[in-house]
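Since the structure comes first, as structure tokens, the remarks are kept for the end.
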Amino acid sequence: MLKSIPNIRLLLKRLTLILFIYSLLRLIFLLTNFNYFSPTGFKNILISFLAGIRFDISAIAFTNSLFILLHLIPFKFFYTKKYQTLLKIIFFLANIPAIILNSVDIIYFKFTLKRATKDAFDLAGIGDDFKNSITGFISSYWYIFIILGLMIILMFKLYNKIKIIPDNSSNKDSSFKSKVIYNTSAFIFFVLITILGARGGFQLRPLNILHAAEYASTEDAPLILNTSFTLIKSFDKTSLTPIKYFDDKTEKSLFNPIHIYNSKQDFQKMNIVIIIMESFSKEYIGALNNYEGYTPFVDSLIGKSLVFTNAFANGKKSIEGIPAVIAGIPILMDEPFITSPYSGNKITGIADILKSEGYKTSFFHGGSNGTMGFESFTKSVGFENYYGRTEYNNEKDFDGKWGIFDEPFFQYFANNLNKMSTPFLSCIFSLSSHHPYTIPEQYKNKFKKGTLPIHQSIRYSDYSLKRFFETASKMSWFNNTLFIIAADHAFDSEYSIYQTPVGKYRIPIIFYKPNSDLKGKSETVIQQIDILPSIMDYMHYSKPFFSFGQSAFDSTANHSAFNYLGGVYQIISKDYSLQYNENRTLALNNYSKDSLMQINLKDKESIFKDSFERKLKAIIQEYNYEMLNNKFRLENK
């Protein structure tokens, strides 16, 4: 059949070319991020490559649909130079953007641990973040643009090597009718094949991002997927949908976001200072591991604080971590709350609660005002004053990319706290341990480099934190202040234990109050959204409030953490974790015994599986309901 339809034979050769480029980019993706995928093993990597072809075909069918349609036209003008030039232009217009996106995502994956989706473009419109990201990206990862250029050159050369063989079959009138029927049938057949390829097969529902979990574990899914596919499949996801796993009574028995701490003690008005450290993974903290680490000051502070050794982030980005810490908003959808359709919802965070108790509230971040939407968001959840690069007003301390270096900005923070009336709630989000990890010139030789590019800037930010505490400890408000130190998210890792679905969310969460009994190490599972209720419980706040988290000080609670990445929900307890998509449990692991999470127990330990699945379903049901109905707060009655 194909011998008699040279235009279709030519089409298949050209589509095979772009399929080869996709596979080549997948190989480079694997090699560049090999530390993440190395525990997988050769067999699973091979399966991922083979399964990836299905997703590549789907993406190629979508992006090349016009090219395919024009290629199926059987008329003689198909072989003219002008028409072939038109096809060539359409081919490269369709595929060069795809190659660019897949190439850039080779590096972007290091920051998000998932293939890029629509939210990557949502961030591009916030302040100067996109400009700063691009310039830093180019300077640090210049080699990816060489790879990109080579891929485009290779595609050009291979395309030009595919020979065009004209249709020289007979045009006698006697065969014309049968030829028209033949070509029309072939046209319809290959249009249907293209549609089938785009939807990913004959299955009931079209291929989507979650289908990657059918071939591999959640951590291997990015190797199966390609960026063209994840962008196509995420652009039409604009909102949550109602989910009803349980009736209301059953759901509330499994998960209830309304909290009342019936303390016999009076509410203790103390100052609250929340310090969010950019990218401070647990892996970097020596006192929480069996090696030196990169945070000597945090190590020393841990010795006189209460530190949670099983602490987890709720997301993988700053734009997800900040709402989790200060407003108790978990990320259980594809978009960060700040850029989602629900960003206008009324949220009651810790600033709103304490403001009603007479607190002055403020938020500090040395970044350019408007970055990541933090200024607008913090004000929407009750912070009265925002202090950023504009308010700092001294460009000699500008890092050239994002904002003010940590050391001077932390001193600015301390001095401004000293001017505030008490009690106050104030939060600071550090900056210098963000890519491209710039530190002041005078400190280039003070902090030795580590094995990862981020390590030197972690040392600098840790030093900046030390200088802050040295300054603040001399101030009158210091001794009556509860300090909470947490990371916005975990980041780049060199150890396999921190590259698992559980390990990649591990962060430090530290409670420090001078001259108090808040000391020691707790194995209680705690997450970022638990910070708000934990503070309220510690202060003996007795009024009802809304929070998806729970107090780390509540000994009666069944403590767990949960997060969401790439369509997969995860719930983590002290020993077990469970990954679940919208239809089924994907994995159950006892990570305390199986630290690399290589043994899936979902078919062996049904009691744990059913218990975790029910709780996670209740959380998802409640989350979707609250977001859709703008009820992420306690109603005033």
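Everything numeric in this text was worked out from a predicted model, so none of it was measured.
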### Message
I want to know whether Phe553 and Tyr538 have ring centres closer than 6.0 Å.
### Response
yes
### Task
Cation-pi check, Arg389 to Phe398: give yes when NZ or CZ is under 6.0 Å from the six-membered ring centre and within 45° of the ring axis, no otherwise.
yes
### Query
On the ring face of Tyr505, is Lys316 found with NZ or CZ under 6.0 Å from the centre and within 45° of the axis?
yes
### Query
Ion pair present between Lys379 and Glu384, side-chain N to carboxylate O less than 4.0 angstrom?
no
### Message
Do the side chains of Arg467 and Glu407 get close enough for a salt bridge, i.e. N-O under 4.0 angstrom?
### Response
yes
### Task
With sequence neighbours left out, write down each residue that passes side-chain hydrogen bond (donor to acceptor under 3.5 Å, both in side chains) with Asn314, or none if nothing qualifies.
Gln527
### Task
Considering only NZ, NE, NH1 and NH2 on the basic side and carboxylate oxygens on the acidic side, decide whether Lys574 and Glu523 come within less than 4.0 Å.
yes
### Message
Applying ring pair (Phe, Tyr, Trp, His ring centres under 6.0 Å) to Phe632 and Phe546, what does each step give before you reach the verdict?
### Response
CA-CA 7 Å; Phe632 219 94; Phe546 185 101; 5.3 Å; yes
### Message
Determine whether the aromatic ring centres of residues His540 and Phe267 are separated by less than 6.0 angstrom.
### Response
no
### Query
For residues Thr422 and Asn271, is any side-chain donor paired with an opposing acceptor at under 3.5 Å?
no
### Message
Students often mix this up, so state it plainly: with edges at 30° and 60°, are the rings of Phe548 and Phe255 parallel, tilted or perpendicular?
### Response
tilted
### Message
Can you tell me how the ring of Tyr392 sits relative to the ring of Tyr412, calling it parallel under 30°, perpendicular over 60° and tilted otherwise?
### Response
perpendicular
#### Entry: Aromatic ring proximity His365/Phe363, centre distance under 6.0 Å
no
### Query
Testing Lys617, Glu613, Glu251, Arg614 for side chain to side chain contact (heavy atoms under 4.5 Å, CB included) with Tyr245, which one passes?
Lys617
### Task
Hey, can you tell me if Phe308 and Phe511 have their rings parallel, tilted or perpendicular (30° and 60° cut-offs)?
perpendicular
